[in-house]
Amino acid sequence: MLSNSKIKYLICVYKLSNGGGPVKSVDIANTLSVTKYSVFKILKYFAEIGLIEKQHYGQVHLTPEGIRKANSLYTEYVILYTFFTKYLNVSDEVAEDDAIACIGVLSSQSIDRISKHIFN
């Protein structure tokens, strides 16, 4: 299971890649307002577990497994983010943090019911 921090990074890579295209490490760092070294460490971990492919000083590419995992996490994120902003009227920043914190904690049944409530 990925930590909230790692989920945030993987969702960022997915969003920047538009679902699978190449991404620059510096763009990840700028988007998340973190250091390049933090990005380097996380990307090294993602490469070790098979979610990305990256050559030294090269662009990052999600693997097919990385795309599947990131898409799943991103879908849950969008559902929860929408619920928090639309129904609980929390700020975008709070909704983003709360949505990421809930991923992996809420059951798929709960997320499915939230989704049905939002999109029906």
Side-chain angles (χ1 to χ4, degrees):
M1 189 162 116
L2 298 175
S3 68
N4 290 350
S5 175
K6 289 177 179 138
I7 289 170
K8 191 172 196 170
Y9 276 86
L10 190 58
I11 287 173
C12 178
V13 171
Y14 182 74
K15 287 168 50 176
L16 290 172
S17 76
N18 290 318
V23 177
K24 295 179 182 176
S25 297
V26 68
D27 292 338
I28 300 166
N30 290 338
T31 300
L32 295 177
S33 300
V34 297
T35 66
K36 292 175 193 171
Y37 182 69
S38 294
V39 173
F40 169 77
K41 289 189 328 184
I42 293 291
L43 293 180
K44 182 178 177 190
Y45 173 77
F46 287 159
E48 289 171 358
I49 64 171
L51 298 179
I52 67 159
E53 293 176 347
K54 180 184 183 316
Q55 296 191 356
H56 196 59
Y57 295 112
Q59 294 180 326
V60 174
H61 296 269
L62 290 163
T63 63
E65 175 62 20
I67 292 170
R68 187 199 64 72
K69 180 73 171 171
N71 179 273
S72 175
L73 293 171
Y74 183 69
T75 300
E76 290 183 18
Y77 165 80
V78 169
I79 290 166
L80 294 168
Y81 176 87
T82 302
F83 178 73
F84 293 139
T85 56
K86 186 174 179 181
Y87 291 95
L88 302 183
N89 296 316
V90 300
S91 70
D92 290 344
E93 296 81 20
V94 170
E96 181 178 323
D97 290 342
D98 287 352
I100 288 173
C102 289
I103 294 172
V105 175
L106 292 177
S107 69
S108 58
Q109 180 182 14
S110 292
I111 292 174
D112 185 53
R113 289 195 180 170
I114 290 170
S115 176
K116 286 178 182 174
H117 183 72
I118 292 171
F119 299 114
N120 287 331

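Basis for what follows: all heavy atoms, side chains included, without hydrogens, waters or symmetry-related copies.
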- Query: Can V34 and I42 be said to form a side chain to side chain contact (heavy atoms under 4.5 Å, CB included), step by step?
  - Reply: CA-CA 11 Å; V34 297; I42 293 291; over 6 Å; no
- Message: Using 30° and 60° as the class boundaries, would you call the ring planes of F83 and H117 parallel, tilted or perpendicular?
- Response: perpendicular
- State the OG-NZ distance between S17 and K24, to the nearest 0.5 angstrom. 14.5 Å
- Please lay out, stage by stage, how V60 and F46 fare under the test side chain to side chain contact (heavy atoms under 4.5 Å, CB included). CA-CA 10 Å; V60 174; F46 287 159; over 6 Å; no
- Item | Heavy-atom pair with the smallest gap, counting every atom of S25 and L43 | OG-CD1, 3.4 Å
- When hydrophobic residues are tied together by side-chain contacts of less than 4.5 Å, even through go-betweens, does V78 share a cluster with V13? yes
- Query: Has the side chain of N30 got a donor or acceptor atom that lies under 3.5 Å from a matching backbone atom of V26?
  - Reply: yes
- Query: Can you hop from L88 to L80 via hydrophobic side chains spaced under 4.5 Å?
  - Reply: yes
- Please round to the nearest 0.5 Å and tell me the distance separating atom CZ of R113 and atom CD1 of I118. 14.5 Å
- Heavy-atom closest contact (Y81 atom, E96 atom, distance): CD1-N, 3.7 Å
- Task: Specify the closest pair of heavy atoms between S110 and L106, including all atoms of both residues, with the distance to one decimal.
- Result: CB-CB, 4.5 Å
- Does the side chain of D97 reach to within under 4.5 Å of the side chain of F84, using non-hydrogen atoms? no
- Query: With side chains defined as the heavy atoms from C-beta onward, is the minimum distance between L62 and L10 less than 4.5 Å?
  - Reply: yes
- Query: Is the backbone N or O of R68 less than 3.5 Å from a side-chain atom of S72, with the two atoms forming a donor-acceptor pair by type?
  - Reply: no
- Could you grab the distance from atom CD1 of I52 to atom OG1 of T63, nearest 0.5 Å is fine? 8.5 Å
- 4.5 Å side-chain heavy-atom contact, Y14 and L73: no
- Pick one: which of I111, I79, I11, N4 meets side-chain contact (heavy atoms from CB on, under 4.5 Å) with I103? I11
- Query: So how far is it from L32 CG to Y9 OH, rounded to the nearest 0.5 Å?
  - Reply: 6.0 Å
- Atom CD1 of I114 and atom CD of Q109: how far apart are they, to the nearest 0.5 Å? 11.0 Å
- Item | Shortest non-hydrogen separation from H61 to P22 and the atoms involved | CE1-CB, 3.3 Å
- Nearest heavy atoms of E65 and G50, plus distance in Å: CB-O, 4.1 Å
- Message: Let's go through L2 and I49 carefully: what are the C-alpha distance in whole Å and the side-chain angles of both, what is the deciding distance for side chain to side chain contact (heavy atoms under 4.5 Å, CB included) to 0.1 Å, and is it a yes or a no?
- Response: CA-CA 11 Å; L2 298 175; I49 64 171; 4.2 Å; yes
- Message: Atom CZ of residue position F119 - does it have more than 12 heavy atoms of other residues, nucleotides or ligands inside 6.0 Å?
- Response: yes
- Query: What closest approach, in Å, do T31 and D27 show between heavy atoms, and which atom pair accounts for it?
  - Reply: OG1-O, 2.7 Å
